[in-house]
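In what follows, a structure is listed as structure tokens, so that the remarks can point back to it.
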Amino acid sequence: MIPLSIPDLSGNEARYLQECIANGFVSTAGAFVPRFEKMVAEATGAEDAVATASGTSALHVALLALGVRPGDLVILPSYTFIASANAIAHAGSTPCLFDITPESWTLDPKLLAEKLENETRRDGKLVIHKPTGRKLAAILPVYALGLPADMDPILSLARHYGLPVLADAAAALGARYTGRPVGRLGSDLSMISFNGNKTVTSGGGGAVIGDNSELMRLVRHLSTTARTGEDYTHDLVGYNYRMTNIEAAVGCAQMERAEGLVGAKRRIRAVYDSELASLPGVGLFPSPSWAEGACWFSGLTLAPPAPEPEHLREILRESGIEARPFWKPMHLQAPYLAAPRTEMPVAEALWQRVLTLPCSSHLSADDQARVIGVLKKALT
Ligand SMILES: *Cc1c(COP(=O)(O)O)cnc(C)c1O
């Protein structure tokens, strides 16, 4: 079976894990955690990074640090993994769901401008969402598939309205936007995930990255039970969200090879794109001119005369090849059916057409050729 995407752990992962066992540092203390944070900050161009237990927990503490409070609304593209919406709910707030652009599958800046203009009013410094009467507390763009959203117009709107921006850059380590790495795009904070299905993994884990030292200190404090010193004194309701040394050991070994892992993902995407582009009914994953995505997943979109994604998936499975559907938008998910939202023509036309294809960073050229051969036969 050629799997969809599995991690490549052939570097220093085992050696660093052995070190943790040998020196006894298996929990949140230990040298790998700060080392990992430094590597993540350097790779993303951010001043600082705080390692967390997951990407979801990173989003949660980042939202709290940015001042999101119960009852607030947070602007979120509907086309994302449910963790982005869940983190908003964990903060006691509600996602205000937006459609995406067909060119990028990320938050649509024009739609954002229009809704902020027509559906909000100022109340002192607050921005009130008129249809619900609730406070808009932040904007959470998602870098879908590791492709940065069109951040310059989004950030200029955020500044105009005084709204903080937290970027969900879960799978975007290594991506660039107008030449800049994801820690240099201007968001107040950003989040990276190191879950096992991401290009660079620590098994489970995440990181908040940012430049504002006061905000980053608060993120660190909240994610480590808000302890004020060596004694058991805590000054806030904190969280046990710190990454462990074992996870950071794997993370450090992966970060040493991050450029190569992302480079492999990009090469795999480029081969699929050039081999599949001309097949009838086949569309490619987005690659707008303003960004160089991290190509977390490869795949295609299918429209008539191509078969339904589920049918093609079955054909691939019979040939020993794993393929999968991708995200179902948040406005169609049970916990968020009642969330305020825009019209969703783009997300709704898109999501059921997507099929992801084998794209492990160590996928061999032979295996990829086999996948392409089966696809060509099924689609022509
Ligand atoms: C993976 C992912 C997350 C969640 O990260 P976890 O580490 O699994 O908690 C959040 N948002 C997006 C867009 C993701 O792809």
Side-chain angles (χ1 to χ4, degrees), residues 4-7 36 40 44 49-63 74-91 95 97-98 100 104-107 138-149 151 165-175 182 185 187 189-209 219 223 239-244 246-248 250-251 254-255 261-262 265 285-286 291 293-299 324-330 333 335-336 347 350-351 354 356 359:
L4 186 71
S5 183
I6 56 171
F36 179 69
V40 172
T44 56
V50 173
T52 58
S54 67
T56 312
S57 54
L59 285 173
H60 183 200
V61 282
L63 287 167
V74 175
I75 290 172
L76 178 75
S78 189
Y79 194 65
T80 184
F81 179 57
I82 199 161
S84 338
N86 287 347
I88 293 169
H90 295 161
L97 298 170
F98 272 67
I100 52 174
S104 71
W105 302 4
T106 62
L107 181 62
I139 303 176
L140 208 171
V142 176
Y143 301 171
L145 292 159
L147 176 74
M151 290 304 283
V165 175
L166 165 62
D168 180 335
L173 187 89
V182 288
L185 305 191
S187 296
L189 295 171
S190 305
M191 173 282 275
I192 313 267
S193 166
F194 295 94
N195 192 44
N197 68 348
K198 301 299 195 278
T199 303
V200 177
T201 182
S202 59
V208 179
I209 58 172
V219 166
S223 63
Y239 298 84
N240 177 14
Y241 280 173
R242 187 80 172 143
M243 179 180 276
T244 66
I246 285 189
E247 290 163 336
V250 175
Q254 290 265 294
M255 284 302 296
L261 296 173
V262 174
K265 288 279 193 182
F285 281 12
C295 299
W296 172 34
F297 272 113
S298 284
R324 281 196 212 164
F326 200 55
W327 298 333
K328 179 177 177 176
M330 294 307 106
Q333 303 280 1
Y336 303 110
L350 173 71
W351 74 275
V354 178
T356 54
C359 58

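Numbering of ligands and ligand atoms starts at 1, following listing order. Predicted model, so just to flag it, every value in this text is computed and none were measured.
Inter-residue side-chain proximity for M151 and Y143 is flagged as met; some heavy-atom pair is nearer than 4.5 Å. At least one side-chain heavy atom of N86 sits under 4.5 Å from a side-chain heavy atom of Y336. By the 4.5 Å heavy-atom criterion applied to side chains, L166 and L63 are counted as neighbours.
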What does the N/O contact table under 3.5 Å look like for ligand 1?
{"unit_1": "ligand 1", "atom_1": "5 (O)", "unit_2": "S193", "atom_2": "OG", "d": "3.3"}
{"unit_1": "ligand 1", "atom_1": "7 (O)", "unit_2": "G55", "atom_2": "N", "d": "2.7"}
{"unit_1": "ligand 1", "atom_1": "7 (O)", "unit_2": "S193", "atom_2": "OG", "d": "2.7"}
{"unit_1": "ligand 1", "atom_1": "9 (O)", "unit_2": "G55", "atom_2": "N", "d": "3.3"}
{"unit_1": "ligand 1", "atom_1": "9 (O)", "unit_2": "T56", "atom_2": "N", "d": "2.8"}
{"unit_1": "ligand 1", "atom_1": "9 (O)", "unit_2": "T56", "atom_2": "OG1", "d": "2.5"}
{"unit_1": "ligand 1", "atom_1": "11 (N)", "unit_2": "D168", "atom_2": "OD1", "d": "3.3"}
{"unit_1": "ligand 1", "atom_1": "11 (N)", "unit_2": "D168", "atom_2": "OD2", "d": "2.7"}
{"unit_1": "ligand 1", "atom_1": "15 (O)", "unit_2": "K198", "atom_2": "NZ", "d": "3.3"}

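Of the candidates L76, V165, I75, V165 is the only one forming a side chain to side chain contact (heavy atoms under 4.5 Å, CB included) with P141.
K265 and C359 get closest at one heavy-atom pair: NZ-O, 2.8 Å. In terms of heavy atoms, P77 sits closest to V142 at CG-CG2, 3.6 Å.
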